[in-house]
Amino acid sequence: MAELTRRDMLKGAAVAGAAAAVAGLAGCAAGAEKASSASAAASADAAASASAEAAASAAPAAAAADAVAEFKMVLGAEAGGSNFGIYRESADLHGDASETDDTLANLNSAMGGETGAHTKYAAFAEAAKAAGLDRIAALFNATSKAEDLHRHEEERVAQLLDPAAKLPEKPQVSPTETDGNLIAGARGEIYETAEMYPIYIATAIKERDAESDAAKKDALDQAVLAFTRAKLAEAYHAKWYMDAYTTIDTPTDEKYWLCTTCGFIHKGAKPGACPICGLTEYEEF
Ligand SMILES: [Fe+2]
Ligand SMILES: [Fe+2]
């Protein structure tokens, strides 16, 4: 039997940490503020003492109170690291226009990006359907709904920092041919997962760690989790857009499954626990 390496164990813990963290976030969204503040307290506590090995041995069903501490390890903030880092692509490719040191501004910017993507993909779905590409229309519809989840979660967190924060108007969209729409979608997803969200995550961690007000610190913590969850989901969106592009002339009738908690998408048989949030609620497309 192959020996389980330390890196394997850390990877397992990273997934468990992400699962518990998002479970905590979902609880918070439902109004379970008590669980949320317990997470924040556990975070401060564990930051000082938890080693990577201790986190690695945590059960997948770790209590939400441990979630943030484990998630910090996922983000590479604790010694030991993991297979998940805040990767950032060279800024030369896209410029630094989106970079700010202000998480509220970043939440508003992300709400704009997600609203644009949500609207654009719905239009792309219509165009694909009109072209007889039903499975690609299903993928665009699933992804459009994923971005809707992201923009509403970001609005919820933004309102913790500024009660007046609200989603922007939906833009006008002009779809082109479906192959081009898939490439445009994949490019946007890769930008978000490799550059935009990594900047926002790093900024939110920095602000959170420097914040002394408990409520604001908790809100910034929720921003870190919302950005991270979106960053991970966008990578799957890019994957399925490129898969659809490469098989545009040889489609199958496989289903897409959207995790209605975090926006993760899977193609094929109905998946078990979501690899991002650990939950099992899916919508079929
Ligand atoms: Fe996406
Ligand atoms: Fe999920």
Side-chain angles (χ1 to χ4, degrees), residues 14-30 60-62 64 67 71 74 84 87 89 98 109-125 128 136 138-155 167 170-171 173 181-198 200-201 222 225-245 256-268 270-285:
V15 172
V22 178
L25 191 62
C28 188
F71 208 74
V74 174
F84 172 72
Y87 174 75
E89 189 184 24
S98 63
S109 164
M111 282 154 55
E114 297 288 2
T115 296
H118 161 65
T119 310
K120 195 165 58 177
Y121 298 159
F124 290 176
I136 295 179
L139 173 60
F140 278 132
N141 278 325
T143 317
S144 175
K145 186 152 184 187
E147 314 308 5
D148 202 30
L149 295 171
H150 292 165
R151 73 194 191 109
H152 283 293
E153 174 63 5
E154 287 161 352
E155 181 188 42
L167 288 167
K170 293 184 181 180
V173 178
N181 293 338
L182 285 166
I183 291 294
R187 286 171 63 95
E189 300 291 341
I190 289 169
Y191 164 71
E192 288 182 350
T193 195
E195 185 165 355
M196 185 185 94
Y197 279 124
Y200 294 177
I201 293 166
Q222 293 186 49
L225 298 184
F227 288 151
T228 303
R229 183 169 63 172
K231 171 198 162 32
L232 295 172
E234 312 306 11
Y236 284 97
H237 300 174
K239 168 186 172 174
W240 296 125
Y241 281 160
M242 288 311 299
D243 171 75
Y245 177 79
Y256 292 99
W257 300 90
L258 167 69
C259 172
T260 53
T261 302
C262 75
F264 162 75
I265 293 175
H266 177 74
K267 179 185 177 188
K270 185 178 182 181
C274 171
I276 296 175
C277 75
L279 300 182
T280 54
E281 294 293 318
Y282 292 98
E283 183 173 342
E284 178 184 332
F285 287 84

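Whatever order the structure lists them in is the order used to number ligands and atoms, beginning at 1.
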Heteroatoms of the protein, restricted to N/O/S, which lie under 2.8 Å from the Fe ion (ligand 1): Glu147 OE2, Glu189 OE1, Glu189 OE2, Glu234 OE1, His237 ND1
Heavy-atom side-chain proximity of Leu149 to Glu114 below 4.5 angstrom: no
Ring pair (Phe, Tyr, Trp, His ring centres under 6.0 Å) assessment of Tyr256 paired with Tyr236: CA-CA 12 Å; Tyr256 292 99; Tyr236 284 97; over 10 Å; no
Residues Glu147 and His150: side-chain donor-acceptor under 3.5 angstrom: yes
Spacing of Asp243 atom CG and Lys267 atom NZ [to the nearest 0.5 Å]: 3.5 Å
Where the Fe ion (ligand 2) is the vertex, angle from Cys277 SG to Cys274 SG to 10°: 110°
Tyr197 side chain vs Ala226 backbone, donor-acceptor pair below 3.5 Å: no
Check: Ser144 side chain, Phe140 main-chain N or O, donor-acceptor pair, under 3.5 Å: no
